[in-house]
Chemist: 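Please find one structure pasted underneath; my questions will follow.
All figures in this text were calculated on a predicted structure; none of them were measured in a lab.
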Amino acid sequence: MKLTITSLELKNAFLFFRLANSALAITLQVKSSNSLGMKKTGFWTKHYTMTLWPDEKSLKDFSKSGAHLKAMRESGKLAKEIRTLTIDADRFPDWKVAKKLLEDVKPLKF
């Protein structure tokens, strides 16, 4: 199984509403996909997600389609920084562990 952990830091707090709109569409896409689950947390300008996938193909099919693909194309308009990590895992870690894992990931800066 594959676990993807992502953090996104908004350029400013006023972009939260655009992020929330995208997040809703992506959440609906996750629920209709082959995902094994999704968790999200965050506040104001810093947001995190975790998704669990049965295999790499399911993960890639999701990430390269629909609302997620649209959000990735628009991410530079919203985000100051994005970090993503995909690892082999059979369950979600707690948020403290997930955030610690992301600390070592080189950020994509806009």
Chemist: Of the non-hydrogen atoms in Ser75 and Phe110, which two are nearest, and what is the gap between them?
Modeler: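 Of all heavy-atom pairs spanning Ser75 and Phe110, the closest is OG-CZ, 3.7 Å.
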
Chemist: Would Asp88 and Lys2 pass as an ion pair if we require N to O under 4.0 Å?
Modeler: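 Answer for the salt bridge query: yes.
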
Chemist: Salt bridge or not between Lys60 and Glu56? Use side-chain N to carboxylate O under 4.0 Å.
Modeler: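 Looking at Lys60 and Glu56, the cut-off is met.
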
Chemist: For Lys11, is the NZ atom crowded, meaning more than 12 foreign heavy atoms sit under 6.0 Å from it?
Modeler: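 Above 12, so yes.
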
Chemist: Roughly how far, to the nearest 0.5 Å, is CZ of Phe62 from NZ of Lys57?
Modeler: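 Spacing of NZ (Lys57) from CZ (Phe62) equals 14.5 Å.
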
Chemist: Hydrophobic clusters here meaning ILVMFWY residues chained together by side-chain heavy-atom distances under 4.5 Å, can you tell me if Leu8 and Met38 are in one?
Modeler: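 Hydrophobic grouping puts Leu8 apart from Met38.
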
Chemist: Working to the nearest 0.5 Å, report the span between OG of Ser33 and CD1 of Ile26.
Modeler: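 Nearest 0.5 Å value for the OG-CD1 distance: 11.5 Å.
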
Chemist: Nearest 0.5 Å, what's the CG-CG distance between Leu19 and Leu24?
Modeler: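 Reported value, rounded in 0.5 Å steps: 11.0 Å.
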
Chemist: Taking all atoms of both residues into account, what is the closest heavy-atom pair of Thr6 and Thr4, and its distance?
Modeler: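 Nearest heavy atoms, Thr6 then Thr4: OG1-CG2, 3.8 Å.
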
Chemist: Ignoring hydrogens, what is the shortest heavy-atom contact between Ala89 and Met1? Give both atom names and the distance.
Modeler: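 What the structure gives for the nearest pair is O-CB, 3.0 Å.
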
Chemist: Which pairs would a plain distance check flag for residues 43-51, meaning a side-chain donor or acceptor within less than 3.5 Å of a matching protein atom at least two apart in sequence or in another chain?
Modeler:
| residue | atom | partner | partner atom | Å |
| --- | --- | --- | --- | --- |
| His47 | NE2 | Trp44 | O | 2.9 |
| Thr51 | OG1 | Trp53 | NE1 | 2.8 |

Chemist: Just checking, is any N or O donor in the side chain of Asp61 or Ser58 under 3.5 Å from an acceptor N or O on the other one?
Modeler: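 Distance-only check fails for Asp61 and Ser58.
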
Chemist: If every non-hydrogen atom of Arg91 is compared with every non-hydrogen atom of Leu3, which pair is closest and at what distance?
Modeler: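 Here Arg91 and Leu3 meet closest at O-CD2, 4.3 Å.
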
Chemist: Between Gln29 and Ser65, is there a donor-acceptor pair closer than 3.5 Å when you use the side chain of the first and the backbone of the second?
Modeler: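 Side chain of Gln29 to backbone of Ser65: a pair is present.
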
Chemist: Membership question, hydrophobic clusters at under 4.5 Å side-chain separation (ILVMFWY): are Met72 and Leu108 in the same one?
Modeler: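 In one cluster with Leu108: Met72, no.
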
Chemist: Nearest 0.5 Å, please: how far is OG in Ser22 from CG in Leu78?
Modeler: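 Interatomic distance, Leu78 CG to Ser22 OG, rounded to 0.5 Å: 6.5 Å.
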
